[in-house]
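Here's the structure, in structure tokens; my notes come after.
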Amino acid sequence: MKTRASYRIGPLMLAALLSGCEPTPSLPQDHPSPQPFAPVQVRTEVDVAPASGFADQTGGGIFATADGNVIRLRLDGTRAALESHPGNTVTPGRARAVFRMGAGSALVEADNGLFLAQSGWLIAPPWREVLGTGLVATAATPDGAVWLGHASGLYRLQDGALSALKVNGQALDGITALASAPAEDGAQGLWFLRQETLSVAVRTAPGTWQVRQVSSLPLQEGERVVGLAGLGASEKGKGEAWVLTSSRLLRLAADGWRQVALARKPEQVLAAGRFVWVNMDGKLLAHDAETGTWGEASGVDTREFRFLAADESGCAWVQLGAETVALSKGPVPRVLGLLEGSQVVEDSLVVSARLVPGVAPLTFIYEVAGVEVPVRGPAYSLGGTEADGTPKAYSFVGLEPGLHSLSAVARYADGTEARRVVSFDYQPLSTVALGWDKDIRPIHEARCAKCHDTGPARPLGTYTLWKDNAESIIAAVKDQRMPADGPLDPQLISLIQRWAATGANP
């Protein structure tokens, strides 16, 4: 039996939904077969406090130190600049912990309140007066909101405005964990654990949220929920909620709840992007949802182990005894200019890669929509425009709207490769697809046919000939060697480049 009630509470509206379902009698199981790997380990040069931190998917992160300072670390473990903003009306006090705010920013809880860490600055935001210390967890949902689980309740931060989510006028205090993942019906949701009860808040309309108790969770007698993690979505799979209980690990897949049948009892779970890390009674496992594979880290002593943060590249920052270490399955490139799960609207996007310090790759390529694009260092950039405004050899112009993945792949002389996959939602402002027949043929007939159809020049009168010779045609028109009767307008050159860069469609 289900009951519903709706309420308007301050700037947010909320509906509470409670349902009673019997546990699933037979639960499908996943049986991981972890393959051992020797992780790349980068040690920090400072003592980090045993508290939550923020890991930046472009490399490095922000952490509290053992002596109460807040620091920004680079990908190689060295310190980077992080200072109190000159416009602050209050100086940050002793740092307690750091929490994820967004893709490139973090919240720092100091003993005198919350501060925003962004672009090398610690900023005192105006809404910090609303909340004192007591931050427990944060999570970001795809609508751009950041949710704060605080000792005093659950808060939503969006566009600089902070508002509380309540049920029947009561604050949702006592929250111990948050995760962003689809609800059981597929709607995007915010999962939260409160007083050992698992619930999910689902956005049903602008300003309207429905809070549902997750009573379909197949818990056994005496079993309780102790942790949450959210898996991001990509073109290869939907987002998922992962639930750590007092005895096992569960995940909400497309076909419902499943148990991840591990060889030992899982103790901790941490996720970012498409990666999940599990500390399992002395063993450390890493799951890559893009490939559906599991790995087991070798050479990592987990007797004194603590997760600090994880990022979307598959890197986990952990404490091993007194040391703070960043662990990755390999020398994964970091991608700049494109963030995991972001929406892309500009077809002139420029993406570049930052490599882990060490041996330079033999080759470096990007893969987008089945196309491999070789690039050279040191910037390893893809996309953008030339000085004259025309697209480079590859641009995002011709991608179909929807979910896509970009892979940055470093290939080494020993035959190994390191790959970073970034999922994004492409929703261009212009969705007009370019084609030979409607866009390029008119240019050919007006300016090229008299030489390249019946004249003495190389034949180019068909789609296939234009496609096969696209690179040399672009070079000729850009250098103004062709057409013979005068240069093309820049707009026509751009049209030809865009057509070639987006697959040379017929």
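In this text, all values refer to a predicted model and were calculated from it rather than measured experimentally.
For the pairing with Arg251, the side chain to side chain contact (heavy atoms under 4.5 Å, CB included) check across Val260, Val276, Val269, Leu231 returns one residue only, Val260. The side chain to side chain contact (heavy atoms under 4.5 Å, CB included) test with Pro92 is passed by exactly one of Ile123, Leu122, Asp111: Leu122.
For the ring pair (Phe, Tyr, Trp, His ring centres under 6.0 Å) condition, the pairs that include at least one residue of residues 116-140, sequence neighbours left out, are His85-Trp121. Sorted by first and then second residue, the salt bridge (charged side-chain N to carboxylate O under 4.0 Å, His left out) pairs involving residues 255-272 (not counting sequence neighbours) are Asp30-Arg258, Asp255-Arg258. Sorted by first and then second residue, the salt bridge (charged side-chain N to carboxylate O under 4.0 Å, His left out) pairs involving residues 46-66 (not counting sequence neighbours) form an empty list. Applying the ring pair (Phe, Tyr, Trp, His ring centres under 6.0 Å) definition to pairs two or more places apart or across chains, those involving residues 49-70 are Phe63-Trp317.
In this view, Asp143 satisfies the salt bridge (charged side-chain N to carboxylate O under 4.0 Å, His left out) rule with no residue, not counting sequence neighbours. Every residue two or more places apart in sequence or in another chain was checked for a salt bridge (charged side-chain N to carboxylate O under 4.0 Å, His left out) with Glu109, and none qualifies. Under the ring pair (Phe, Tyr, Trp, His ring centres under 6.0 Å) criterion, Phe115 pairs with no residue at all, not counting sequence neighbours. Every residue meeting the ring pair (Phe, Tyr, Trp, His ring centres under 6.0 Å) condition with Phe307, not counting sequence neighbours, appears here in chain and number order: Phe305. Shown here are the ring pair (Phe, Tyr, Trp, His ring centres under 6.0 Å) partners of Tyr380, two or more places apart in sequence or in another chain: Phe364. Shown here are the ring pair (Phe, Tyr, Trp, His ring centres under 6.0 Å) partners of His150, two or more places apart in sequence or in another chain: there are none. Residues passing the salt bridge (charged side-chain N to carboxylate O under 4.0 Å, His left out) test with Arg419 are Glu367, Glu417, sequence neighbours excluded. For Glu372, the salt bridge (charged side-chain N to carboxylate O under 4.0 Å, His left out) partners are Arg411, not counting sequence neighbours.
Looking at Gln210 and Thr204, their side chains never bring a donor and an acceptor atom within 3.5 Å of each other. For the 3.5 Å distance criterion, the side chains of Ser313 and Glu340 fail to qualify, holding no donor opposite an acceptor.
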Margin query: Could you walk me through whether Ser247 and Gln220 satisfy the side chain to side chain donor-acceptor pair (under 3.5 Å) test, starting with their C-alpha distance in whole Å, then the side-chain angles of each, then the deciding distance to 0.1 Å, before giving a yes or no?
Written below: CA-CA 10 Å; Ser247 59; Gln220 300 169 347; 4.8 Å; no
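By the neighbour-count criterion of 12 heavy atoms within 6.0 Å, atom CD of Gln158 is densely surrounded, having more than that number from other residues, nucleotides or ligands.
Between Trp147 and Trp209, the ring-plane angle classifies as perpendicular under the 30° and 60° cut-offs.
Between Asp288 and Lys329, no side-chain nitrogen of the basic residue sits less than 4.0 Å from a carboxylate oxygen of the acidic one, so the salt-bridge criterion is not met. A salt bridge does not link Arg74 to Asp76: none of the charged side-chain nitrogens sits closer than 4.0 Å to a carboxylate oxygen. Salt bridge status for Arg94 with Asp67: absent, with no side-chain N to carboxylate O gap under 4.0 Å.
The CG atom of Leu135 sits 11.0 Å away from the CZ atom of Arg96 when rounded to the nearest 0.5 Å. Note: Gln188 CD to Arg203 CZ = 11.0 Å, rounded to the nearest 0.5 Å. Note that OG of Ser105 and CD1 of Ile62 are 8.0 Å apart. Values are rounded to the nearest 0.5 Å.
The backbone N or O of Ser199 lies less than 3.5 Å from no partner atom in the side chain of Arg194, so there is not a single donor-acceptor pair.
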